[in-house]
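Step one of this worksheet: look at the structure below.
Just so it is clear, the model here is predicted, and its values are computed rather than measured. Counting starts at 1 for both ligands and their atoms, in listed order.
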Amino acid sequence: MQKAINQNAIYNTLVKIKENSGKSLAILIDPDKIDTTQGTKLSDYCKENAPDFFLVGGSLITTNQTDTIIDSIRNSPYTAHIPVLLFPNSYLHLSEKADGILFLSLISGRNPEYLIGNHVIAAPLLKQSKLEVIPTGYILVNCGNQTTVAYISNTTPIPYNKNDIAVCTALAGEMLGLKMIYMDGGSGAKQAISPEMIRAVKQQLDVPLMIGGGIRTVEAMEMAFEAGADTVVIGSAVEQNPELLANFCEAMKKYKN
Ligand code: 1GP
């Protein structure tokens with residue numbers, strides 16, 4: 001099967017939101033940490049206000065639930081229209097059921113497998129799929145604890161207060177042609193990435209900036225947006241308290257034009 005031409009719909013939406021000075025919210029669902037019943041429950045919390053995107057994936061996936069989770073998003077009238085992007089840790093976690101994929105190059109690390117190795121194996125599969133591929137510079141920041149993603153990828157995250165390293169890394173990613181930068185403290189990060197680091201990176205960057213890791217409250221989400229995040233990613237907080245989803249989505253209203 002040949003890939004459809006000019007399949008940039010999701011990325012164009014991200015850019016459009018950014019250009020209109022709006023903000024977007026992505027909810028990360030880790031297929032290991034949620035079952036279908038919880039997935040349906042999550043969709044129900046989207047009845048009044050829904051996130052802009054779902055990310056599905058994680059750095060260590062031990063179950064085969066990715067397709068089922070995407071189905072539960074698709075089967076709900078409240079979430080059926082929301083784009084689903086894969087957030088894979090390797091080429092083993094591709095799913096044709098998603099709309100697109102964050103094609104992550106872990107540019108804060110120096111592990112060739114996560115910079116280019118996995119990508120070489122995944123590329124022909126993606127070429128044949130209908131997934132929209134979004135080339136994304138993935139930058140890990142040390143937010144106070146060793147995270148699964150840092151351990152599994154065998155990379156050293158950027159130190160918490162080294163804003164200049166984060167800026168140079170993001171810039172290099174953009175100059176290499178990556179279309180988005182995702183700066184992440186890792187799932188379950190002890191604290192969120194500092195507003196100072198987000199601001200410093202944002203000032204230098206033209207492509208959309210996604211921020212995640214350790215964001216557990218509406219206040220923390222708003223702080224990331226105010227510092228310059230275009231998209232905020234929330235995982236653990238909603239996994240642990242699905243009812244929080246409604247609060248996060250409600251708070252997003254003020255960022256919509
Ligand atoms: C992890 O940024 C995401 O890659 C989400 O992090 O689970 O800490 O919200 P949390």
Practice task
May I ask you to identify the nearest protein heavy atom to atom 3 (C) of ligand 1, giving residue, atom name and distance to one decimal place in Å?
Solution key: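 Looking only at protein heavy atoms, the one closest to atom 3 (C) of ligand 1 is Tyr182 OH, 3.3 Å.
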Problem - Linked, directly or transitively: Leu244 and Ile211 (ILVMFWY side chains, under 4.5 Å) - result: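 Yes.
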Practice task
May I ask whether Leu92 and Ile121 are part of the same hydrophobic cluster, defined by side-chain heavy atoms of I, L, V, M, F, W, Y residues being less than 4.5 angstrom apart, directly or through others?
Solution key: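 Shared cluster, yes.
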Practice task
Determine, step by step, whether Ile107 and Leu115 satisfy the side chain to side chain contact (heavy atoms under 4.5 Å, CB included) criterion, reporting the C-alpha distance in whole Å, the side-chain angles of both residues, the deciding distance to 0.1 Å, and the verdict.
Solution key: CA-CA 6 Å; Ile107 56 176; Leu115 278 164; 4.2 Å; yes
Handout entry: Sidechain N-carboxylate O distance under 4.0 Å for Arg74, Asp99
Key =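 Salt bridge flag = yes for Asp99 with Arg74.
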Exercise for the section: Kindly write out the residues that satisfy salt bridge (charged side-chain N to carboxylate O under 4.0 Å, His left out) with Lys179, not counting sequence neighbours, or none if the list is empty. Expected result: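 Lys179: no salt bridge (charged side-chain N to carboxylate O under 4.0 Å, His left out) contacts found.
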State whether the shortest distance between N or O atoms of [X] and N or O atoms of ligand 1 falls below 3.5 angstrom.
X	answer
Gly188	yes
Gly235	yes
Ala237	no

Exercise for the section: Using atom types as modelled and distance alone, determine if a side-chain donor or acceptor of Asp230 lies under 3.5 Å from a backbone N or O of Leu209. Expected result: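 Yes; at least one donor-acceptor contact below 3.5 Å.
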Of all the atoms in ligand 1, which lie at a distance below 4.0 Å from a heavy atom belonging to [X]?
X	answer
Gly213	2 (O), 3 (C), 5 (C), 6 (O), 8 (O)
Asp184	1 (C), 2 (O), 3 (C), 4 (O)
Leu28	1 (C), 3 (C), 5 (C)
Gly212	2 (O)
Phe87	4 (O)
Ser236	7 (O), 8 (O), 9 (O), 10 (P)

Exercise for the section: Would you check whether Gly214 reaches within less than 4.0 Å of ligand 1, judged by its heavy atoms? Expected result: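 So Gly214 counts as touching ligand 1.
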Using residues 158-169 as the side-chain source, report each donor-acceptor pair under 3.5 Å to any protein atom, sequence neighbours left out, with the distance given to one decimal.
residue: Tyr160; atom: OH; partner: Ala192; partner atom: O; Å: 3.1
residue: Thr169; atom: OG1; partner: Ile165; partner atom: O; Å: 2.6

Handout entry: Side chains of Glu250 and Asn49, donor plus acceptor under 3.5 Å
Key =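 The answer is yes; a qualifying pair exists.
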